[in-house]
Amino acid sequence: MEISAQYSPRQVEDKWYAYWLDQGFFSSKPDGREPYCVVIPPPNVTGVLHMGHMLNNTIQDVLVRRARMQGKNACWVPGTDHASIATEAKVVNKLAQQGIKKTDISREEFLKHAWDWTHEHGGIILKQLRRLGCSCDWDRTAFTMDETRSKSVIRTFVDLYNKGLIYRGVRMVNWDPQALTALSDEEVIFRDEHSKLYYLRYYLHNDDGSGATGTEGEIIHTDAQGRRYAVVATTRPETIMGDTAMCINPTDPKNQWLRGKQVVVPLVNRAIPVIEDTYVDIEFGTGCLKVTPAHDVNDYMLGEKHKLQSINIFNDDATISEAAGMYVGMSREEVRKQIVADLEKAGLLEKTEDYNNKVGYSERTHVPIEPKLSMQWFLKMEHLAEIALKPVVDGEIKFYPPKYINLYRHWLDNIKDWCISRQLWWGHQIPAYYLPEGGFVVAETPEEALQQAIEKTGNKQLTLSDLRQDDDVLDTWFSSWLWPLSLFNGVLDPNNAEFKYYYPTNDLITAPDIIFFWVARMIMAGEEYQHQVPFRNVYFTGIVRDKLGRKMSKSLGNSPDPLDLIERYGADGVRMGILLSSPAGGDLLFDEALTEQGRNFCNKIWNAFRLVKSWQSSNSIEQPIAAQYGLEWFGHRLNRAIAQINDDLDKYRISEALMTSFKLFRDEFSAWLLEIVKPAYGQPIDAKTLEQTLAYFEQLLALLHPFMPFITEELWQQLRTRQQGESIMVSLMPSASAHNEQTLNEFELLKELVAGIRTIRQEKNLSPKNQLCAKVRDLQPNNGFIAVAAKLANLSAMETTAQEVQGAASFRIGTAEIYVPLEGLIDTEQERTKLQQELDYARRFLDSVLKKLGNANFTNHAPAHVVELERKKEADARTKIAHLEERLKQLE
RNA sequence: GGGAGCUUAGCUCAGCUGGUUUAGAGCAUCUGCCUUACAAGCAGAGGGUCAUAGGUUCGAAUCCUAUAGCUCCCACCA
């Protein structure tokens, strides 16, 4: 049957993925083999595949497939994350489209909608991962809100509470006015913003003229009527309704006259005290700071210290509240504009300056966060940070690249308590139950809570309906941090066999932007509950950018659709494209051209297969000496490459490993070996050569399989007769045996020789069909060498010569000189120029070597082998120069 | 404001504890080729004072110092 000249991935991919599933090759059960376990960074349950996932999961699949082929019991556990805030936002939007407000329905109704949404859109991303070829154990698919994971979360919460690590309290937190929930510090992203610094007039209250001492350095502002005022610089004039003090630095000479005074908040006309605190930076602005304890973290701190009143001028959605007394109901942004205009009109705006500052935005909803005082649950981090630092610093967990160790340490050293409560419904509801008479109990179930409540209050009449469970849910990461533990049910049943077998897992592949959110916290949980790391190695991928280095984003429209790419280039092509553009740890500048390269490589493999498959085997032909020589060489070459690939993969240098495999197949196997063993057109091939070639092909496919699972399976299946149930993915990866450098070096010479003759053909415009003759000097080619050269360069003969050959084109390889007699075709002038150039180069080279050798410091200090090497360079250069000079003389 | 990292060919990057013929790869470019597996291909070629300035050393892309530029992370100066 005719095989197409082009590889068509689609049917091949579907066929083999189904086969793998059917054969249960992805599934893993504990057995006597060494386990190799990876847990997927769970994507958002309702998310769709983007380029970041493609990169991340391709790398995981490469590692997992390789481990499996090394005979390990490989287990890659997939799953999804309930993504509390993101999913809730999506459900709220969807309801809004139906005219339903979240506030109009009950929690139960809302959760029903959310589950419907999850079931409808959930898991799409996992299906997409199958298209990519991911060899996950799908039977183990987990969800951060399924029963086991939920119970694990609740049990952990209760345990930490009982250990005194979880507490509840009123704190200044990051408030997301869009999602209407508190956020952790990690969920706030600071962005540079070009804004303005507004200088406002705060008039002295009941100015009786006292205090103006006229001390040196004092700066007293007075208006046209002689009224004195202080000037306060602020970026947020809309918060003046919440001002409850003005603060100066007691050591600030400029503002001594304000000590003990009261000032009037502009527009608001409320008198506030001037307080003193060294916190205020004398150099900044005017040295006068307005204090709004309800809306700024620092002001809150000042407010606590100086026992100031706190006025919350914002509603939860960041519109102005009744408490502000003015502008009620307006948004933050509107008020800013309005109040600036009003201040200006009232003559209370001294001046405005351009100013760059950082504004915190919600990572999820992208709206500016508002510091807000509220009652929240917190997890104490001091102890957890301590236990999480050690394994990374000690190298029990290795980071790739290692620069992240510093980052990790720095974060843990400066860690603050983790705000774990969210004012959302979609998530794990906090297992705290409030008692009718105040206070609360924390328990895994309502029944246990009731029991505790009765014990605590002594009131035996209490019933379940008297208890009110906390409305809040837990931060999504409070479930993710248990992932490696909870996937094998290690939280609820830490002694179960699976958990004991698979935990700790081996490699974690993740993006660096969640090192704190996730990686650090998993280490904490692992150490706290198992006194054991959750994984041994963490590989941080880069961020996927476009080829111009811009982040991929919806608004830029520069992010390709992964499934569309797979459709156009095949899964293997896309995998290769992604891996090639992904140096370890660096950002990935994705260029579709590399995906094209991947597709082209698939085609290359495909066609190599077509060639080999077309050969008719014959037992009656003797193995040609060229084939024998070529096959022997390739064996060494292959072994060296295997060693290289293994080394690269062991160091997580995945793109290098792929590049080595790529070059091995294309350059060494296809361009050299296949050309050497290829029989003449229509002629059969000797059985021995064919068998050995097939064996090499098979090994190459195995090496490539982790990177390109589909095409390698397809060809592996066709290469030889296979039994049902066999697969390359469960075959053994070839291991490296020793290779002989001598053989490899000799072959490199051969390559140069062949290339040199090809170049001469090109220069002289000689058809490859014309046979040439080569004479070699200072080279002792063996029969195999000669046979291969004759075949690939189409030589009638290769003879050794002790001297100069006239009327020949020539080139040099090392000290050897090769002549191709071309009577009448030699352009003497051109030849002379070329030789002269080579000679100049060689002389310059010799000079540099001689300079080195002439330096007594060098010969005395450098190690013997280095000096020896220089002497060899010298000798070689001299030989070469002698040859060139001789040759030039001949041409004269 | 603090910390980390980067700067090598047009682009993206290797170059490990300083010495392997005066720096390598892939892509891109250029030149030949529709040569009987592959034009999604083959055979070749060009292209770099290793950011800059000093220093250490017999010897520096590699180690040290400074400068410039870029990137990332952290941080409560309004």
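Order of the sequence lines fixes the chain letters, A, B, ..., with proteins taken first and strands second; residue numbering starts at 1 for each chain.
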Measure all distances between protein nitrogen or oxygen atoms and nitrogen or oxygen atoms of nucleotides 69-71 of chain B, and list the pairs falling under 3.5 Å.
none

Considering heavy-atom distances to RNA chain B, does A/Gln597 or A/Phe609 have its closest nucleotide positioned more toward the 5' end?
A/Gln597
Quiz item: A/Gln6 side-chain donor-acceptor pair to B/A37 base, under 3.5 Å
no
Could you verify whether a donor N or O on one side chain and an acceptor N or O on the other, from A/Lys290 and A/Thr239, lie under 3.5 Å apart?
yes
Looking at every strand, decide which applies to A/Val612 at a 4.0 Å heavy-atom threshold: base, sugar-phosphate, or nothing.
nothing
Using nucleotides 34-36 of chain B, report all nitrogen or oxygen pairs with the protein that are shorter than 3.5 Å.
none

If you write RNA chain B from 5' to 3' in dot-bracket form, with Watson-Crick or G-U pairs under 3.5 Å, [ ] for crossing pairs and | for pairs with another strand, what do you get?
(((((((..((((.....[....)))).(((((.......))))).....(((((..]....))))))))))))....
What salt bridge (charged side-chain N to carboxylate O under 4.0 Å, His left out) pairs are there with at least one residue in residues 592-605 of chain A, not counting sequence neighbours?
A/Arg568-A/Glu592, A/Glu596-A/Arg599
Mind checking A/Ala593 for me? I need base, sugar-phosphate or nothing, with any heavy atom below 4.0 Å counting as a touch.
nothing
Can you tell me if A/Arg666 touches the phosphate of B/C42, counting only side-chain N or O atoms and a distance under 4.0 Å to OP1 or OP2?
no
Is there a donor-acceptor contact under 3.5 Å from the side chain of A/Asp876 to the main chain of A/Thr815?
no
Check RNA chain B against residues 858-874 of chain A and give the residues with a non-hydrogen atom under 4.0 Å, in numerical order.
A/Phe858, A/His861, A/Ala862, A/Pro863, A/Val866, A/Leu869, A/Lys872, A/Lys873
Set of side-chain hydrogen bond (donor to acceptor under 3.5 Å, both in side chains) partners for A/Lys663, sequence neighbours left out:
none
Give A/Lys663 one of three labels, base, sugar-phosphate or nothing, depending on what nucleic acid heavy atoms sit under 4.0 Å from its own.
sugar-phosphate
Strictly below 4.0 Å, N to O, side chains only: are A/Glu763 and A/Arg761 in salt-bridge contact?
no
Any N or O donor-acceptor pair under 3.5 Å from the base of B/A40 to the side chain of A/Arg599?
yes
